[in-house]
Amino acid sequence: MELVCTSVIRKYVIAALIILVFISINARALTPAVNSTHFLIYDLANAGLSYDQALDNYLEQAYSLYTTTLGMKMAPPCNGSQYTVYVVPQAQQAGEAGITEWEYEYNSSTGQVISTCIVEINISAGLSSQWLEHTAYHELVHVSQWAYIQYTTIPRSYPWYIEADAEGTASYYTDQCPLAQDYFQYGQYEYDPYDYSGKPIINMYYYSAFIYWLIANGIGPATIEQNVFTGNSVVNSWLDNYYIQYLTSIVHGQNLCGSTYYPSFQTISISGSTYSLSVSLQGLSAQYYEVQLPATGTIEITASGGSVTSNIELNTAFSITNTTLYMAVVNPTTNNETVALTISYTPGIIARIVNGTYNVMKESLTLELYVTYGTTPITGTVYINGTSTSVNNGYASITFTGITWGTYTVNITYENSTALTYITLTQPTMSLITSSTLYLTSNSFGYLLFSVNNPNNVTLITETMISSPPSPVNTYKPMIYFEPPNETLTLNPGTSIIRVYFFTNATVSSGQGDIYLYNSPSTAITLGYNVIPARWVFQMLRTT
């Protein structure tokens with residue numbers, strides 16, 4: 001077997017734009033700004049000792065965590081026992097936060113890696129404290145990856161999980177997620193992670209959300225690297241199986257550094273008994289649906305023509321206890337798949353409000369409901385908000401007490417099936433139809449007209465009272481008599497015209513009265529009107 005010793009350099013970057021910057025320097029001619037246990041920090045950008053020391057602290061913290069606590073291997077430095085780290089301005093100007101450079105020797109016949117080492121790590125000057133910490137943790141994951149790589153296949157192909165692993169690990173252990181949330185923002189779940197033809201390298205960083213999820217679920221970085229980077233194939237079935245689980249799980253959202261993110265849902269509204277759609281998926285990708293049902297019942301989702309999996313059991317009928325389902329449709333293969341989905345729905349209980357009356361003074365609400373099970377009107381007993389209620393040929397009546405203005409839920413249960421309907425009660429309004437000023441004489445009579453608008457879909461029962469200005473002769477008597485002064489109103493939905501007959505009491509003078517419409521047993525909305533003696537009007541006309 002012939003061994004060919006070849007020095008190959010690759011670069012891992014933590015930024016959206018990759019511009020490779022080559023720095024030709026003689027490390028021996030430089031004096032390190034910081035000389036620590038595992039790192040020699042050379043400041044080529046005049047970043048300052050505090051910056052260099054902070055960088056070294058983050059690198060040592062990451063090294064200790066990764067090796068001592070997490071059991072991760074580290075590729076050795078190419079020279080000496082310490083890693084050479086340069087603080088440079090060029091990486092920052094190129095849009096890069098960090099670059100790790102390595103060398104490896106391999107067998108040209110088999111592609112097997114014989115040895116690897118780290119040439120240098122370049123870190124940009126001018127990073128914030130958080131970005132500096134995050135970058136240090138990110139780059140040391142790359143150092144670790146090279147301790148596991150056994151074949152040239154992965155570094156030469158540069159697959160998505162190289163950057164996803166470094167970025168996801170750094171995000172998890174620094175509790176900083178500068179790029180992981182972009183997995184959801186850019187809908188990365190809809191794309192094949194292995195297909196990067198024409199796509200920027202930054203997309204790889206978005207998959208850090210997946211690595212974050214792996215670590216959060218107990219799969220440590222050393223386990224990830226042992227199962228991912230030691231093989232001779234770019235497509236990694238161990239990682240792919242977990243990624244399929246991840247695509248299924250995020251239908252319920254994912255926590256990333258303290259915030260929860262969700263995929264975008266397409267809405268499917270079921271109104272009939274079946275609903276069909278075609279779903280086309282790239283390899284290892286998913287689409288997400290919010291399935292809205294009119295009521296609880298039985299549902300079956302069948303898939304044909306391709307291979308998909310879901311968080312919802314496919315091809316089996318099951319009962320549902322709510323009216324909204326969140327469904328992930330996941331392609332578990334590395335091939336493109338097009339599947340036909342058919343949703344078969346058999347409704348359980350369906351209820352609607354057909355009539356209702358709200359008594360404001362008693363604070364009671366009586367509703368008449370029409371209830372069916374499937375398509376058949378129910379005759380028997382149902383439970384409405386926990387109260388046993390008789391139903392005859394679909395019709396049921398129930399009265400609730402202690403009801404005020406607002407929105408209420410009506411919960412109807414029958415045969416372990418539940419339907420919800422809602423009613424909103426809104427206060428009425430009123431306005432005068434006649435003029436707000438009455439010009440009266442001592443023998444005037446007529447009708448006071450006002451309108452009341454009932455904005456609800458149910459009838460309102462309330463009371464009205466009209467007050468009169470006091471008599472100028474006897475303040476204990478009204479100036480105007482209304483027949484009746486108090487009246488119970490039954491207000492159908494919409495606008496009602498109220499006519500109240502009145503006549504005057506002897507002498508008339510200026511004054512103000514009020515119309516009261518009760519909106520509770522103890523409060524009312526009011527509408528004022530004015531009274532002016534008609535002789536004043538005549539006098540004003542004669543004067544002018």
Side-chain angles (χ1 to χ4, degrees), residues 8 10-18 111 113 138 141-142 144-146 148-169 171 179-215 217 219 221 223-251 254 263-264 279-288 306-310 328-339:
V8 180
R10 294 288 185 269
K11 296 180 173 60
Y12 288 138
V13 301
I14 179 173
L17 175 65
I18 301 177
V113 173
H138 178 109
V141 176
H142 289 318
S144 179
Q145 289 169 351
W146 273 98
Y148 293 88
I149 288 177
Q150 296 182 13
Y151 293 91
T152 60
T153 308
I154 291 176
R156 284 179 172 176
S157 297
Y158 200 68
W160 61 277
Y161 44 77
I162 291 179
E163 291 299 342
D165 177 46
E167 181 64 15
T169 302
S171 294
L179 295 171
Q181 71 273 12
D182 290 338
Y183 181 87
F184 293 91
Q185 181 178 346
Y186 295 107
Q188 206 65 35
Y189 42 80
E190 295 184 357
Y191 303 102
D192 182 351
Y194 289 101
D195 180 17
Y196 274 93
S197 175
K199 297 183 178 66
I201 192 176
I202 189 64
N203 293 63
M204 299 184 185
Y205 291 80
Y206 301 160
Y207 288 92
S208 59
F210 164 53
I211 301 298
Y212 187 105
W213 175 84
L214 272 180
I215 299 173
N217 283 275
I219 311 298
T223 302
I224 296 171
E225 294 179 355
Q226 178 63 41
N227 284 278
V228 173
F229 293 99
T230 58
N232 192 23
S233 173
V234 171
V235 177
N236 186 282
S237 59
W238 181 89
L239 195 63
D240 294 349
N241 287 335
Y242 276 111
Y243 187 60
I244 294 165
Q245 297 178 39
Y246 172 72
L247 290 173
T248 304
S249 73
I250 61 173
V251 71
Q254 181 188 2
S264 295
V279 181
S280 295
L281 298 167
Q282 295 184 16
L284 296 174
S285 70
Q287 292 183 21
Y288 299 88
S307 178
V308 293
T309 187
S310 176
V329 180
V330 180
N331 177 5
T333 76
T334 55
N335 304 313
N336 293 341
E337 295 282 347
T338 298
V339 297

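As the structure is a prediction and not an experimental result, all values here were calculated from the model. Throughout, numbering of the chain's residues begins at 1 and tracks the sequence.
Ring pair W160/Y194 is perpendicular by interplanar angle, where above 60° counts as perpendicular and below 30° as parallel.
In this structure, the side chain of T230 does not engage the main chain of I149 through any donor-acceptor pair within 3.5 Å. Side-chain N or O atoms of E167 include none that pairs as donor or acceptor with a backbone N or O of Y207 at under 3.5 Å. Judged by distance alone, the side chain of Y189 and the main-chain N or O of V330 form no donor-acceptor pair under 3.5 Å. Of the possible polar contacts, one joining the Q254 side chain to the A209 backbone as a donor-acceptor pair under 3.5 Å is found. Between the side chain of Y148 and the main chain of N227, no donor-acceptor pair closer than 3.5 Å is present. At distances below 3.5 Å, at least one donor-acceptor pair connects side-chain atoms of N217 with backbone N or O atoms of W213. Under a 3.5 Å cut-off, the side chain of S157 and the backbone N or O of P159 do not form any donor-acceptor pair. With hydrogens and angles disregarded, no donor-acceptor distance shorter than 3.5 Å links the side chain of E337 to the backbone of G306. Using a distance-only test at 3.5 Å, with no hydrogens or angles considered, a donor-acceptor pair links the side chain of Q145 to the main chain of I162.
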Apply side-chain contact (heavy atoms from CB on, under 4.5 Å) to residues E225 and D165 and explain how you reach the verdict. CA-CA 8 Å; E225 294 179 355; D165 177 46; 3.3 Å; yes
Determine whether Y158 and E163 satisfy the following criterion, side-chain hydrogen bond (donor to acceptor under 3.5 Å, both in side chains), listing intermediate values before the conclusion. CA-CA 9 Å; Y158 200 68; E163 291 299 342; 2.7 Å; yes
Walk me through it: do V279 and V308 pass the test side-chain contact (heavy atoms from CB on, under 4.5 Å)? CA-CA 10 Å; V279 181; V308 293; over 6 Å; no
Verdict with supporting geometry, Y242 and F210, side-chain contact (heavy atoms from CB on, under 4.5 Å): CA-CA 9 Å; Y242 276 111; F210 164 53; 4.0 Å; yes
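Considering CD of E190 and CD of Q287, their distance stands at 5.5 Å, rounded to 0.5 Å. For the atom pair N336 CG and S285 OG, the distance stands at 8.0 Å (nearest 0.5 Å). Separating the CD1 atom in I154 from the CG atom in N232 is a distance of 8.0 Å, to the nearest 0.5 Å. Here the CG-OG distance, from L179 to S171, works out to 7.0 Å after rounding to the nearest 0.5 Å. With values rounded to the nearest 0.5 angstrom, H138 atom NE2 is found 9.5 Å from T169 atom OG1.
For Y183 and Y246, the distance between ring centers is under 6.0 angstrom.
N236 and Y243 are not linked by any side-chain donor-acceptor pair at a separation below 3.5 angstrom, with hydrogens and angles left out of the test.
The only member of D192, L281, T338, L247 that meets side-chain contact (heavy atoms from CB on, under 4.5 Å) when paired with N331 is L281.
Scanning both residues, S310 and A328, for their nearest heavy atoms gives OG-O, 2.6 Å. The two residues V251 and P263 make their nearest non-hydrogen contact at CA-CG, 4.5 Å. Scanning both residues, P332 and S307, for their nearest heavy atoms gives CD-O, 3.4 Å. Contact record, P193 with G283: CD-O, 3.9 Å, taken as the closest heavy-atom pair. The two atoms that bring Y191 and Q282 nearest to each other are CA-OE1, 3.4 Å, heavy atoms only.
Side-chain contact between L214 and I224 is present, with heavy atoms from C-beta onward closer than 4.5 Å.
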